[in-house]
Structures are given as C-alpha cells and as structure tokens.
Amino acid sequence: MQLTSILTIGAMAIAGGVMAQDTVPATPVQPAQPAVPAAELTPAQPAADKPQATREQADSLMKSMVSLLNEVNAAVSSVTDKASADAAAVKLKEIKAKMEELQKSTENMAPPSPADMEALQQQYLPEIMKVSSELQKNVQALQEKKFYGSEELETALGAGMM
C-alpha cells in the first residue's frame with residue numbers, strides 16, 4: 001500500500017476508529033486513486049466499554065489529520081537538494097510522532113455513529129484525496145531524483161512514515 005494511501009486510510013481511521021494497514025510496497029507510486037471506497041470505511045459498532053465519539057470529537061480529529069497530511073505534503077514539496085531532503089526527513093519524523101499521538105487519542109473511544117461517519121466522509125474525503133494526490137506526485141518526483149541522495153528521506157517516506 002502506498003504511503004499516501006496509508007495516510008488517507010489513516011485519516012479516515014482516526015474518525016472511524018478502524019486501524020489502517022501498516023505496510024508500504026516496494027513498487028513505485030501509482031496515480032492517485034481512492035485506497036478504499038468510502039462505503040467500506042464504515043466504522044464498527046461501538047464497544048460496550050468505550051464511549052462513542054461525538055461528531056464534534058471526530059470532526060476535530062479529522063481536522064487534525066488533514067492538517068498533518070498538509071504538513072507532510074509541505075515537507076515533501078520543499079525538497080530541492082540533499083540538505084533540504086535531510087531536513088524534510090526530520091520534519092516527517094516529527095509529523096509521524098504527532099500522527100501516533102493522534103491515533104492514541106482515539107484508543108479509548110468508539111467510532112462515531114454511522115450517520116456522523118458518513119457526514120465526515122462526505123466532508124473530508126475530497127480534501128484528503130486532493131492532498132494525497134499532490135503528495136503522491138511530490139513523492140514520485142523525489143523518487144525520480146533518487147531523494148537527492150538522502151537515505152533519511154527515503155526511509156522516512158518508506159516504512160518509517162507509518
């Protein structure tokens with residue numbers, strides 16, 4: 001699964017309370033496509049021991065994830081040489097830590113109601129897909145430039161990102 005697909009699923013997972021797969025393929029980045037149809041992102045029923053996330057909580061989480069996706073894209077798109085590639089790798093590690101914190105914040109809550117989840121998908125999925133598409137293009141350009149010789153950036157955009 002591509003990095004941006006993981007991020008896309010991760011964004012919807014934060015609101016939906018489902019876990020994204022944690023794999024990255026060895027194949028080149030492909031053109032942007034929805035990783036999972038929105039209908040398949042429907043959350044599971046709330047666990048009896050966890051309070052159900054409110055629409056406001058889920059909305060806040062989605063805003064945070066979209067912000068983090070934009071940070072990833074900004075870091076990747078800023079690379080023009082090895083020094084900026086190494087700097088972007090550091091930034092991506094920081095963003096990864098923020099994503100992990102965000103994911104942890106959802107561990108004690110059940111997904112929002114199916115109606116709220118549907119509304120969140122309709123509201124945020126287009127923006128997430130747009131940012132994911134831009135990110136895929138930027139990563140592809142970096143791959144073509146061999147990450148400007150930065151092993152740190154290559155690692156950060158590989159298995160180390162998610």
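All figures in this text were calculated on a predicted structure; none of them were measured in a lab.
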**Prompt:** Given Leu69 and Glu127, is the side chain to side chain contact (heavy atoms under 4.5 Å, CB included) satisfied, shown in steps?
**Reply:** CA-CA 10 Å; Leu69 287 172; Glu127 184 174 2; over 6 Å; no
Quick one: do the [X] and [Y] side chains pair a donor with an acceptor below 3.5 Å?
X: Ser77; Y: Asn138; value: no
X: Asp59; Y: Tyr124; value: yes
X: Glu118; Y: Gln122; value: yes
X: Ser67; Y: Asn70; value: no

What's the spacing between [X] [atom1] and [Y] [atom2] if we round to 0.5 Å?
X: Gln140; Y: Leu135; atom1: CD; atom2: CG; result: 11.5 Å
X: Ile128; Y: Met62; atom1: CD1; atom2: CE; result: 3.5 Å
X: Leu120; Y: Leu61; atom1: CG; atom2: CG; result: 9.5 Å
X: Leu68; Y: Lys63; atom1: CG; atom2: NZ; result: 14.5 Å
X: Lys93; Y: Glu152; atom1: NZ; atom2: CD; result: 6.5 Å

If I compare all heavy atoms of [X] with all of [Y], which pair ends up nearest, and what's the gap?
X: Pro126; Y: Gln121; answer: CD-O, 3.9 Å
X: Asn108; Y: Pro51; answer: O-CD, 3.4 Å
X: Leu142; Y: Tyr148; answer: CD2-CE1, 3.8 Å
X: Ala75; Y: Val79; answer: O-CG2, 3.7 Å

**Asked** Do other residues, nucleotides or ligands put more than 12 heavy atoms under 6.0 Å from the CG atom of Asp81?
**Response**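 Result for CG/Asp81: enclosed.
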**Asked** Is Glu151 atom CD crowded by more than 12 heavy atoms from other residues, nucleotides or ligands, each under 6.0 Å away?
**Response** no
**Request:** Decide yes or no for Asp86 and Leu153: does some side-chain heavy atom of the first lie under 4.5 Å from some side-chain heavy atom of the second?
**Result:** no
**Item:** Check: Phe147 and Leu157 side chains under 4.5 Å, non-hydrogen atoms
**Value:** yes
Could you tell me whether the side chain of [X] and the main chain of [Y] form a donor-acceptor pair under 3.5 Å?
X: Asp116; Y: Pro112; answer: no
X: Ser60; Y: Gln57; answer: no
X: Ser133; Y: Lys130; answer: no

**Message:** Taking Lys91 first and then Glu71, would you say they form a salt bridge - that is, a charged N and a carboxylate O separated by under 4.0 Å?
**Reply:** yes
**Prompt:** Is any NZ, NE, NH1 or NH2 atom of the basic residue among Lys96 and Glu100 found under 4.0 Å from an Asp or Glu carboxylate oxygen of the other?
**Reply:** yes
